[in-house]
Amino acid sequence: MEVTLKNLTKVFDDFTAVDHVNLTIPDGKLTGLLGPSGCGKSTTLYMISGLLNASEGQIMFGDRDVTTLPPDKRNIGLVFQNYALYPHMTVFDNIAFPLGNKPRSERPKKAQVKEAVEKVAELVQIQDLLKRKPKELSGGQQQRVAIARALVKKPDLLLLDEPLSNLDARLRMEMRQEVRRIQLESKVTTVFVTHDQEEAMSITDSIVLMRNGVVQQVAGAHEMYMSPSNEFVASFMGNPPITIFDVEVKDGVVYFADGQTYEFPDRADGKYRLGIRPEAWKKGTKLGSRIEHVDLRGQDQVITFTLGNTTAKAVIDAESEAMIGEEMSFDLRRGRCCFFDPETGVRL
Ligand code: ATP
């Protein structure tokens, strides 16, 4: 089911948490709502779910206007960071619970409940755990139960609010892949809220990046990383992050603050903010600096150095060992550099 948000706005007292968001969430896809803490992504999700009323604007599920409908009339599945399973119930009963909540006339028979629970338990791969109580499960298993419970009613829309935040790093990676697999198999339209850009990049079909209640860019992970619409998007996506320099261009040459230069032949004269991704640096001859720190990661190394008055990070292969204090010179892959308007931050 396609979901459309039209001018969706939430004002708390005099604070605008979500500011005229216009967005289409495509049918059958996994859309990530991404942004720093406080940017309004959870508020947006809660308005889609009906747990929060919109101050302004409209929410369409297909061609149905659901803006004022309560959550139980929206046929959604919700999964939160804290799984909120019922501790006294078995896994089976936890998953079956939403089916018992239906109006008496729509309530499924016992055999149908069993079939529905077993099917969804198999999808999330907890079919052997149905007799256990939540406290007898690992964090990842509990989260699988929470996802199964959200899916058992065959929702039109699955809403996940930071569902993996409580898991340790390794389990988190494993569950990322699982959420993706489950979504692909169930084909349910899904919105996944996260503040973690790597998480968003690794599992979503498209990312909605928000800042201060405003959507900054909507794009697939690859496009958002390669072609950020502004400096905020460029800085938010990527680890190590992009380095931004204040530069001046004259006659096709970029001047850094310390007077070092690099040719960018097609660039018009003027002042810019120049973003250089860590992988845009390569060992070369043109831009020199002293290595301040080396973070060896095995397959590559992250070199920290200062150019002009800006500290930068470069990722280069680990074949030749880099030493702190050593001079290193770099060339640039120009295609991995972005120029931004110093006033507006817009990519030029
Ligand atoms: P996080 O990742 O920290 O959860 P978020 O992007 O999900 O952040 P929201 O929870 O949507 O952010 O909150 C957006 C803004 O709205 C924040 O500044 C928050 O303090 C504010 N806010 C949220 N709920 C309320 C409320 N009930 N009353 C007043 N302000 C609120």
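Predicted, not measured: the structure shown is a model, and the values here were computed from it. Remember, it's 1-based here, ligands and their atoms both numbered in the order they're listed.
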Practice task
Indicate whether atom 20 (O) of ligand 1 is within a distance of less than 4.0 angstrom of some protein heavy atom.
Solution key: no
Practice task
Determine, counting only non-hydrogen atoms of the protein, whether one lies under 4.0 angstrom from atom 26 (C) of ligand 1.
Solution key: yes
Distance-only check: which donor-acceptor pairs under 3.5 Å involve side-chain atoms of residues 18-25, not counting sequence neighbours?
unit_1: H20; atom_1: NE2; unit_2: E56; atom_2: OE2; d: 3.0
unit_1: N22; atom_1: OD1; unit_2: N7; atom_2: N; d: 2.8
unit_1: N22; atom_1: ND2; unit_2: N7; atom_2: OD1; d: 3.3

Practice task
May I ask you to check whether over 12 heavy atoms, not counting those of E136, lie within 6.0 Å of atom CD?
Solution key: yes
Exercise for the section: For atom 8 (O) of ligand 1, grab the closest protein heavy atom and report residue, atom and distance to one decimal in Å. Expected result: G38 N, 2.7 Å
Exercise for the section: Scan side-chain atoms only and decide if T43 and K10 contain a donor-acceptor pair under the 3.5 Å cut-off. Expected result: no
Handout entry: Chi angles and distances behind the side chain to side chain contact (heavy atoms under 4.5 Å, CB included) call for K131, T90
Key = CA-CA 6 Å; K131 292 194 179 121; T90 61; 5.5 Å; no
Practice task
Please confirm whether T43 comes within less than 3.5 Å of ligand 1 when only nitrogen or oxygen atoms on both sides are compared.
Solution key: yes
Handout entry: Protein heavy atom at shortest distance from atom 23 (C) of ligand 1
Key = F12 CE1, 3.5 Å
Problem - Heavy-atom nearest neighbour in the protein, as seen from atom 4 (O) of ligand 1, with distance rounded to 0.1 Å - result: S42 OG, 3.7 Å
Practice task
State whether E178 and R144 are salt-bridged, where the test is any N-O pair (Lys NZ or Arg NE/NH1/NH2 against Asp/Glu carboxylate O) under 4.0 Å.
Solution key: yes
Handout entry: Distance-only N or O hit between ligand 1 and C39, under 3.5 Å
Key = yes
Fill in the blank from the handout: Quick look: H195 vs ligand 1, heavy-atom contacts under 4.0 Å, and the answer is neither
Problem - Proximity flag G213 to ligand 1, non-hydrogen atoms under 4.0 Å - result: no
Practice task
Output yes when the distance from some N or O of ligand 1 to some N or O of G40 is under 3.5 Å, and no in every other case.
Solution key: yes
Handout entry: Y255-Y262 aromatic ring centre distance below 6.0 Å
Key = no
Completion exercise
min-distance protein heavy atom vs atom 2 (O) of ligand 1 -> K41 NZ, 2.8 Å
Exercise for the section: State whether a side-chain donor-acceptor pair under 3.5 Å links R180 with Q177. Expected result: no
Completion exercise
Tested for side chain to side chain contact (heavy atoms under 4.5 Å, CB included) against L287, the lone hit among L332, D331, V254 is L332
Exercise for the section: List the closest protein heavy-atom neighbour of atom 3 (O) of ligand 1: residue, atom name, distance to the nearest 0.1 Å. Expected result: S37 OG, 2.6 Å
Exercise for the section: For F340 and Y272, run ring-ring contact (aromatic ring centres under 6.0 Å, His included): C-alpha distance rounded to whole Å, both residues' side-chain angles, the deciding distance at 0.1 Å, then the answer. Expected result: CA-CA 6 Å; F340 302 102; Y272 294 94; 10.0 Å; no
Exercise for the section: Give the numbers and elements of all ligand 1 atoms closer than 4.0 Å to a heavy atom of P36. Expected result: 6 (O)
